2 protein chains.
Amino acid sequence: MADGAHAHDEDMEPAEILSTIQRAVRARGVRWTGQREAIIGTFIDQDRHLTAEELHQLVRAQDATISAATVYRTMNLLVEIGMAAKRHFNGDSASFDLTIGKGHHHHLIDVDSGRIIEFKNDEMEAILATIAEQYGYRIACHKIELFGVPIDEPPAKSAPDE
Amino acid sequence: MADGAHAHDEDMEPAEILSTIQRAVRARGVRWTGQREAIIGTFIDQDRHLTAEELHQLVRAQDATISAATVYRTMNLLVEIGMAAKRHFNGDSASFDLTIGKGHHHHLIDVDSGRIIEFKNDEMEAILATIAEQYGYRIACHKIELFGVPIDEPPAKSAPDE
DNA sequence: CTTACTGCAAATCATTTGCATCCCT
DNA sequence: AGGGATGCAAATGATTTGCAGTAAG
């Protein structure tokens, strides 16, 4: 099958993702509140990596009473039920991104602009599975981050020291 | 054959790594102090991922006067000069690991025990380079973390809920 | 109705920083 | 000597948590 690198092929549509999460949340016996719907809905609509603070800013635009604490609690809930992943791209604050409704994808980070490109590649996945197997493991999940320098870029200053 | 996964093949010896770092530090016009030697030396000897706090504990054993602040400052210095990398395996504190004297390696993390296995694989590196190229990038560096479940493990309790 | 959820503010935790002192170079 | 480096403690910044009021089921 396709084993070249694809951007994200297809994803579930926002409404479907939201209702799936809602079901998952309720299935856990956890309540579905207006705040959670606003926060998670916004998160889904943005369709990108967000820090808790960024998400809080966005959510405040539609409901100024929502607190940062609730945003943190909601994101942690999503991570706990496996619908989102927490990552540290920088050293300071954590970024979250949806894991549901999107195929397995990884990140190619433009070291000049900081832009994050998502990709996936079956051949690579296969090799990783093989490697894990050699050590006696079955992969539960994985994170891949490539830091790249644009090829067509004019000659950069010098040696990228990080 | 030989392009499967290898553990770490060869590394520079501790003393050589230390003197290389010392040279790099001095070359930057930065002073080489007893604290830095103790901290960096310990870090090299441990030859594994350490959080600043863990390293501080270890260093204290040989010099109780060294402060946590100095450990942080020293690790940041190593990262700045490209001799170490800062990672976030968990959500809380950052871990550091040497990047000098060791071939490109990645991590296979045992989700049950938390044990970290380092590996490298040329075929995988080649594919990653190809993927980046397709997007118009040349890889500057990359991080790969596989989270695995032991295959020969006795039937675990069930869903490792948390 | 019950009890989980929320906002707020205080509490944590990891990491950084101001400052007086110290010691590499 | 001279200025960067260090220790200590206070300052930060991100994230968590206790509590009393509020709302989901």
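Naming convention: chains lettered A, B, ... in sequence-line order (proteins, then strands); numbering from 1 in each chain. What you are looking at is a predicted structure, and each value in this text was computed from that prediction instead of being measured. Just so you know, these numbers use all the heavy atoms, side chains as well, and skip hydrogens, waters and symmetry mates.
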message = What is the distance, to the nearest angstrom, from the CZ atom on A:Arg26 to the P atom on D:dA24?
response = 10 Å
task = Consider the side chain of A:Trp32, meaning its heavy atoms from C-beta on, and name the nucleotide among C:dC5, D:dG25, D:dG7 that approaches it most closely.
result = D:dG25
request  = Would you check if B:Ile21 and B:Leu98 make a side-chain contact, meaning some heavy-atom pair closer than 4.5 Å?
outcome  = yes
key: Atom-pair distance (NE2 on A:His88; C1' on C:dC13), nearest Å   = 13 Å
task = May I ask you to check whether A:Ser93 and A:Glu53 show a side-chain donor-acceptor distance below 3.5 Å?
result = no
request  = Provide, to the nearest angstrom, the distance between the NE2 atom belonging to B:His56 and the C1' atom belonging to C:dA14.
outcome  = 14 Å
query = With respect to the side chain of A:Ser93, which nucleotide from C:dC5, C:dT6, D:dA14 is positioned closest?
reply = D:dA14
task = Starting from the C-alpha separation in whole Å, work towards a yes-or-no answer on side chain to side chain contact (heavy atoms under 4.5 Å, CB included) for A:His107 and A:Glu118.
result = CA-CA 5 Å; A:His107 304 110; A:Glu118 297 185 346; 4.0 Å; yes
task = Please determine if a side-chain N or O atom of B:Asn76 lies less than 4.0 Å away from the OP1 or OP2 oxygen of C:dT16.
result = yes
ask   = Rounded to whole angstrom units, what separation is found between the CZ atom of A:Arg73 and the C1' atom of D:dA14?
value = 15 Å
request  = Whole angstrom is fine here: how far is it from CD1 in B:Ile66 over to P in D:dA5?
outcome  = 15 Å
message = How bent is the helix from C:dC1-D:dG25 to C:dT25-D:dA1, measuring the angle between the end axes built from five pairs each, rounded to 10°?
response = 40°
query = Does A:Ala94 or A:Gly34 map to a spot on DNA chain D nearer the 5' end, using the closest nucleotide for each?
reply = A:Ala94
query = Under a 4.5 Å side-chain heavy-atom rule over Ile, Leu, Val, Met, Phe, Trp and Tyr, are B:Leu50 and B:Phe96 clustered together?
reply = yes
message = Please report the distance, rounded to the nearest Å, between CD in A:Glu37 and P in C:dC5.
response = 16 Å
request  = Examine the side chains of A:Glu125 and A:His142 and answer whether a donor and an acceptor come within less than 3.5 Å of each other.
outcome  = yes
query = Which nucleotide sits closest to the side chain of B:Arg31: D:dT6, C:dC24, D:dA14?
reply = C:dC24
remark   = When rounded to whole Å, the CZ to C1' distance for the pair A:Arg28 and C:dC5 reads 15 Å
inquiry  = Can you tell me if A:Tyr72 touches the phosphate of D:dT15, counting only side-chain N or O atoms and a distance under 4.0 Å to OP1 or OP2?
reply    = yes
ask   = Can you name the closest pair of heavy atoms from A:Thr42 and A:Gln62 and give their distance?
value = OG1-OE1, 3.2 Å
message = Side chain of A:Thr33 only, heavy atoms from C-beta on: which candidate in C:dG7, D:dT6, C:dC5 is closest?
response = C:dC5
ask   = Which part of the nucleic acid, if any, lies within reach of A:Ala68 when heavy atoms closer than 4.0 Å are counted: base, sugar-phosphate only, or nothing?
value = nothing
message = Rounding to an integer number of Å, can you tell me how far B:Glu53 CD sits from C:dT12 P?
response = 16 Å
request  = Assess whether side chain to side chain contact (heavy atoms under 4.5 Å, CB included) is satisfied between A:Lys143 and A:Arg87, documenting all intermediate values.
outcome  = CA-CA 9 Å; A:Lys143 300 181 183 177; A:Arg87 308 222 185 195; 3.6 Å; yes
query = Are any of A:Gln35's side-chain N or O atoms less than 4.0 Å away from OP1 or OP2 of C:dG7?
reply = yes
